[in-house]
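Predicted, not measured: the structure shown is a model, and the values here were computed from it. In what follows, chains carry the letters A, B, and so on, assigned in the order in which the sequence lines appear, proteins first and then strands, with residues in each chain numbered from 1.
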There are 2 protein chains.
Amino acid sequence: MPRSKKTWFAVLGLLAWRPMSGYDIKKLVEIGLSHFWSESYGALYPTLAQLVSAGLVSRRSDRGRGKRPRHVFSITPRGRGELERWLRGPTEEPRVRNEVVLKLFLSPSRPWAESVRLLEEHRTRQLASHEDFAASEVVLRRALKEGVLPVELQSVLGDGPKANQPSGARSRQLLVLLLSLRQGVLAAQARLAWCDEALRAVRQEARATNPRLRGVAR
Amino acid sequence: MPRSKKTWFAVLGLLAWRPMSGYDIKKLVEIGLSHFWSESYGALYPTLAQLVSAGLVSRRSDRGRGKRPRHVFSITPRGRGELERWLRGPTEEPRVRNEVVLKLFLSPSRPWAESVRLLEEHRTRQLASHEDFAASEVVLRRALKEGVLPVELQSVLGDGPKANQPSGARSRQLLVLLLSLRQGVLAAQARLAWCDEALRAVRQEARATNPRLRGVAR
DNA sequence: TCAGACATGTAAGTCGTTACATGATTCA
DNA sequence: TGAATCATGTAACGACTTACATGTCTGA
């Protein structure tokens, strides 16, 4: 039984926000969705072609004067129908494969210092991504409150002033963007908290095992 | 460039805990590591065969009288060397693909009630897994404090009373098991907190948008 | 003028899952 | 005796990623 075709529906769903080229989709995912989604060109372009064949998406060649030629894809009514069915359908839990935890788990025969380094490096990465998220959150909350759309968000939400957004649609987009960001913030916080807890435990254990280190700070 | 061969090293690392059959490995991962790792038979058995070919693991046929015949795999010294190199090497961040967040993100054209249902279902699953983790944690902490190994953990850590565990090795296994569990607990808590936050926001928005529902509890 | 962004694709290969296939042993 | 669990594997497929290949336009 074919498994879920996530790229398929991710692309379809993004095209429901607004018509875009493959390149636009890639950028949108990288810039705005990277904390919960990823796509590669090698999956994107074939998927786009398949969606067109299936009649869920239409392709139009946009070759404006002095413009780079590009293909703009739009969702069709049938595409909206399929998207809706998928949105209403069952949602798969991602199967987890956390290499950091695995390494820690497999480390019992290694020196404690190695686990400490593993955790410290992981912590540094988490801290950086947490800071990124937090900064984006500040921008987004201001946008939501003041109703202005800063440049940073235009590439995510589309900049069209003439875009025929029904009233409230824009603020609804901002809300789901904020909620998805909050997910990233909370997850990063939890990972950070885990690093701290694990580091404390491992360092304590290291001191207890190797009395020469007793009293050494850090 | 071949990507990291996680199954390869996961299997190698588990065999460093103790010799096991493929079936044992599968059960161990399912029962004790499911909150941060997964393996399928279709990956496991071929990997085991490859590890043997590579000389990192040795296979012995165990056909005791009245016993089911089985293959017991043990890590070789070369295998330990490779494992060690991998443990010390760089650790990849998993690329995230969270279908729940994606669906929420793609929902702006759908009724709020649909997002509420999505989040509620997700919350229910997270609550259940959080409870499982918390229960396991209680068992583990007691084991760590009292130095006794309850039956539930014997399938994870191995039950050998004659196992030539160097002093402290068992408690170190318990510690990394606890830490890996804590990772699951904290992650589940964060997901739960996010669900609550998102549900609050979405419900509030739903009420604001549809005044007929104003004042309706839940 | 040339680096860097824009833009689109393909080919090969990796990684892993599901479904299939098979059979032994235990225990109610 | 027959269901559940132990036990081992393969085949086909699905879903991606990486690396390659190619070209255009903009602006410092």
Side-chain angles (χ1 to χ4, degrees), chain A residues 1-12 19-31 34 37-53 57 59-73 86 92-99 102 154-155, chain B residues 1-12 19-31 34 37-53 57 59-73 92-99 102 155:
Chain A
M1 196 169 295
R3 280 236 291 39
S4 54
K5 285 158 181 275
K6 293 176 209 263
T7 292
W8 197 286
F9 289 105
V11 169
L12 199 54
M20 277 183 281
S21 69
Y23 191 84
D24 289 339
I25 292 173
K26 182 68 161 82
K27 281 290 155 293
L28 167 57
V29 171
E30 265 173 14
I31 293 170
S34 61
W37 206 255
S38 62
E39 287 298 345
S40 64
Y41 284 125
L44 207 43
Y45 284 109
T47 296
L48 246 8
Q50 288 158 31
L51 286 168
V52 171
S53 304
V57 150
R59 179 164 92 166
R60 154 172 62 88
S61 281
D62 181 357
R63 41 184 74 261
R65 28 334 40 163
K67 285 283 204 166
R68 271 176 266 254
R70 52 192 244 125
H71 297 149
V72 178
F73 297 87
W86 175 74
E92 262 176 66
E93 291 293 302
R95 46 188 157 339
V96 288
R97 282 192 122 189
N98 187 323
E99 208 175 324
L102 180 68
Q154 287 178 8
S155 63
Chain B
M1 195 169 295
R3 280 233 294 34
S4 54
K5 284 159 182 276
K6 294 175 208 265
T7 293
W8 197 287
F9 289 105
V11 169
L12 199 55
M20 277 183 283
S21 67
Y23 191 85
D24 290 339
I25 292 173
K26 182 70 162 78
K27 281 289 154 297
L28 168 58
V29 171
E30 265 173 14
I31 294 171
S34 60
W37 206 255
S38 62
E39 287 298 345
S40 63
Y41 284 125
L44 206 44
Y45 284 109
T47 296
L48 246 7
Q50 288 158 30
L51 285 168
V52 171
S53 304
V57 150
R59 179 165 93 164
R60 153 172 61 88
S61 281
D62 181 356
R63 40 183 75 262
R65 7 28 341 191
K67 285 284 205 168
R68 273 177 263 255
R70 51 193 245 124
H71 297 149
V72 178
F73 297 87
E92 262 176 66
E93 291 292 303
R95 48 186 151 329
V96 289
R97 283 192 122 189
N98 187 324
E99 208 176 323
L102 179 67
S155 63

Checklist line | Partner set under ring-ring contact (aromatic ring centres under 6.0 Å, His included) for B:Tyr23, not counting sequence neighbours | finding: none
Notebook entry, point to check: What pair of heavy atoms forms the shortest contact from A:Thr47 to A:Trp8, and how long is it?
Noted result: CG2-CA, 3.7 Å
Next item on the list: Choose from D:dG9, D:dC16, C:dT8 the nucleotide whose nearest atom is closest to any side-chain atom of A:Ser21.
Entry: C:dT8
Note to self: I want to verify a distance call: between C:dT17, C:dA7, D:dC16, whose nearest atom is closest to the A:Asp24 side chain?
What the structure shows: C:dA7
Checklist line | Minimum-distance nucleotide (side-chain atoms of B:Arg70 versus D:dG9, C:dT8, D:dA7) | finding: D:dA7
Check: For B:Gly22, which contact category applies under a 4.0 Å heavy-atom criterion: base, sugar-phosphate, or nothing?
Finding: sugar-phosphate
Item checked: Length of the CD-C1' vector between A:Glu92 and D:dA15, whole Å -> 12 Å
Next item on the list: Could you check how far CD of B:Gln50 sits from P of D:dG9, rounded to whole Å?
Entry: 13 Å
Notebook entry, point to check: Can you tell me how far P of C:dC15 sits from CZ of B:Arg97, to the nearest Å?
Noted result: 17 Å
Margin query: Among B:Leu28, B:Val11, B:Leu48, exactly one meets side-chain contact (heavy atoms from CB on, under 4.5 Å) together with B:Met20. Which residue is that?
Written below: B:Leu28
Item checked: Interatomic distance, A:Glu39 CD vs C:dT8 C1' [rounded to whole Å] -> 16 Å
Note to self: From the set C:dG9, D:dT24, D:dT8, return the single nucleotide nearest to any side-chain atom of A:Tyr45.
What the structure shows: C:dG9
Checklist line | Atom-to-atom span, CE of B:Met20 to P of D:dA7 - whole angstrom | finding: 13 Å
Notebook entry, point to check: Whole-Å distance between C:dA7 P and A:Asp62 CG?
Noted result: 9 Å
Checklist line | Pairwise 5' ranking along DNA chain D for B:Pro46 and A:Gly42, keeping only the more 5' one | finding: B:Pro46
Margin query: Can you tell me which nucleotide in D:dA15, C:dA5, C:dC15 comes closest to the side chain of B:Lys5?
Written below: C:dC15
Margin query: For A:Val52, give me all partners under side chain to side chain contact (heavy atoms under 4.5 Å, CB included), at least two apart in sequence or on another chain.
Written below: A:Val57, A:Arg59, A:Phe73
Next item on the list: For A:Ser38 and A:Ser34, indicate whether the former's side chain and the latter's backbone hold a donor-acceptor pair under 3.5 Å.
Entry: no
Next item on the list: Taking all heavy atoms of B:Arg63 and all of B:Pro69, pick out the closest pair and write down the distance.
Entry: NH1-CB, 3.5 Å
Next item on the list: Just call it for B:Arg63: base, sugar-phosphate, or nothing, with non-hydrogen atoms closer than 4.0 Å on any strand.
Entry: nothing
Check: Nearest to the side chain of A:Ala43 - D:dT17, D:dT5, C:dT17?
Finding: D:dT17
Next item on the list: Output, in order, the C-alpha distance, side-chain angles, deciding distance and verdict of side chain to side chain contact (heavy atoms under 4.5 Å, CB included) for A:Trp37 and B:Asn98.
Entry: CA-CA 6 Å; A:Trp37 206 255; B:Asn98 187 324; 5.6 Å; no
Check: Whole-Å distance between D:dT5 P and B:Glu30 CD?
Finding: 12 Å
Checklist line | Nucleotide nearest A:His71 (side chain, heavy atoms from C-beta), chosen from D:dT8, C:dG9, D:dC16 | finding: C:dG9
Next item on the list: In plain terms, say whether A:Glu39 and A:Lys27 are close enough for a salt bridge, that is, a side-chain N and a carboxylate O under 4.0 Å apart.
Entry: no
Notebook entry, point to check: Does the side chain of A:Arg95 get closer than 4.0 angstrom to OP1 or OP2 of C:dT18 through an N or O atom?
Noted result: no
Notebook entry, point to check: According to a strict under-4.0 Å criterion, is A:Tyr41 in side-chain N/O contact with OP1 or OP2 of C:dG9?
Noted result: no
Pairs under 3.5 angstrom, nitrogen or oxygen only, protein versus nucleotides 26-28 of chain D, please.
{"unit_1": "D:dT26", "atom_1": "OP1", "unit_2": "A:Gly66", "atom_2": "O", "d": "3.1"}

Next item on the list: Round to a whole Å and report the spacing from CD1 of B:Ile25 to P of D:dC6.
Entry: 15 Å
